[in-house]
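Protein chains get the first letters and strands the later ones, always in sequence-line order, with residue 1 at the start of each.
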Amino acid sequence: MFQKIIILLIIFFSAVIQVSVFPRLFPSGLSPEIVLMLVIFWTSRDGFEKTWPKAVLSGFMLDLFYFWPAGTNIIAFALVSYGVGFFARRFTISQKNMGLLVLLLLSAMGSAANSLILLILAKIYKGLGLELGIFLPDFWNRMIFLKILIDMLLFVMIYWPLSGLERFLSFYGKKSMQGRFFK
Amino acid sequence: MPQKYLSPRLIKLMAILAVCSLLVFLNPKQAFSPLRNFFLTAAHPFQKIFYILSKKTGDTMEFLGSISNLHAENERLIKENSSLISEISNLRQEKKENENLREQLGLIPKKKFDLEAAYVIGQDPQKFGSWLIIDKGTSSGIEAGMPVIVFQGIIIGRISEAYLTSSKIELLTNSLSSINASDSETNSRGIVRGEFGLGVLLDMVAQTDVLNVGDEVVTSGLGSDVPKGLLIGKIQEIKTTQDKLFQQALIVPSVRYSNLETVFVIKKSIN
């Protein structure tokens, strides 16, 4: 339960930061996607099987904060998580051998894929005549490369703190399991 | 489909996609409003603190980046200041004239609004930002549809969703936004709508009407709760629609929406 609350708080505060902090610090269109980077981080470690609930929760939280129709970011995050999980399994067999370079590549791919998926969804909405108020730039412009780079830098910045937190949570989980066992 | 392709992972993904597609298509906004309200209320104090801190950080970064230009900027400002002093004396005379004209035209004087001041605590992080979040909501008497202005009566948009302690402003640059407006010089009427965050367009102006580059565009007060006479921006470019039936004018908004700190919600006009 404690772990789940911590995860929920991480996603919640990341969404708050994404809406209230980054737009003031980065030029329009280059605001990094911290919630997406969290999903990529978790998927690269645990795979899609274990991460999909976190991806769904993250997407839902972002939909609430973006005022977008519930489901939009969930679709994007679920697809990105599936893709990252797929490639993470193929890039390396054991987690220990997975270098940061491979993770960076996955974060870049995830960032690009997320932008592309959202753009496709926005076009589908428009085609269906649903005025949902989602505005995204064309995918292939110079900005997208800069945005991917910024997302990668953010991934590096959150990588070690998150790894430390994961270790703490797994240690706490084991301890509480032991406690329960001995009682 | 052969079973080897239908792994549990893929089945889960397809289930998520199916449920979400249904959610998006049905778009039950009201169903999620209580949840959105809960999370926005919970996030409200943090958003306020984070936004103020990030603004200060952003300002410091901007300042550090502009140090090399300070000397030239200072000289330019001194020149601008002296020209502004002379302009003020002219404007004082025009102010009286303006008040008389406002009375004659039936425009609502800017002082006669019941305003609710609010801080901006969040904004659209996507390119072509089209909305802002403010720290006032239904608990302060704010409702959907209320116009939002900044200093000197410049309209920036309308409240599209109001929650307990925060509200969403749909900016004029949002393509879903449309407001009746007119050219303040020629009185040509049209509809102002957003251009996907790129700018604002005065549309549906009759071919027989006159529009001039540089004219100010103000709200016309027709068909909505938006009072007459609120400034939208200046005309930058005039063009004709493809079917040649109407004129369109590209408007440069009078403020940069991404840098706003304080806004005022017009709760009602005081007569």
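The environment of B:Tyr119 atom OH is sparse: at most 12 non-hydrogen atoms of other residues, nucleotides or ligands sit within 6.0 angstrom. Around CG of A:Leu9, the count of heavy atoms belonging to other residues, nucleotides or ligands within 6.0 Å exceeds 12. Shown here is B:Met204, whose CE atom has no more than 12 heavy atoms of other residues, nucleotides or ligands within 6.0 Å.
For a residue to count as touching a neighbouring chain, one of its non-hydrogen atoms must lie under 4.5 Å from one of that chain's; by this rule B:Ser21 touches chain A with backbone and side chain alike. If you measure heavy-atom distances from B:Ile133 to chain A, the contacts under 4.5 Å come from the side chain alone. In this structure, the portion of B:Tyr163 lying under 4.5 Å from any heavy atom of chain A is its side chain and not its backbone. Using a 4.5 Å cut-off between heavy atoms, B:Ile16 contacts chain A through its side chain alone, with no backbone atom that close. For chain A, the nearby part of B:Leu260 is the backbone; its heavy atoms alone come within less than 4.5 Å.
When atom types are taken as modelled, the side chain of A:Ser20 and the backbone of B:Ile121 share a donor-acceptor pair closer than 3.5 angstrom.
The only member of A:Ile74, A:Asp63, A:Leu121 that meets side-chain contact (heavy atoms from CB on, under 4.5 Å) when paired with B:Cys20 is A:Ile74.
Using non-hydrogen atoms only and a strict 4.5 Å limit, the part of residues 10-18 of chain A facing chain B consists of A:Phe12, A:Phe13, A:Val16, A:Ile17, A:Gln18.
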*asked:* Using side-chain contact (heavy atoms from CB on, under 4.5 Å), reason through B:Thr57 and A:Val21 one step at a time and then give a plain yes or no.
replied: CA-CA 10 Å; B:Thr57 315; A:Val21 177; over 6 Å; no

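Side chains of B:Tyr51 and A:Arg24: a donor on one and an acceptor on the other come within 3.5 Å.
The structure places CG of B:Leu10 at 4.0 Å from OH of A:Tyr82, a figure rounded to the nearest 0.5 Å. To the nearest 0.5 Å, atoms NZ (B:Lys12) and CH2 (A:Trp52) are separated by 6.5 Å. Distance CH2/A:Trp68 to CH2/B:Trp131: 9.0 Å, rounded to 0.5 Å.
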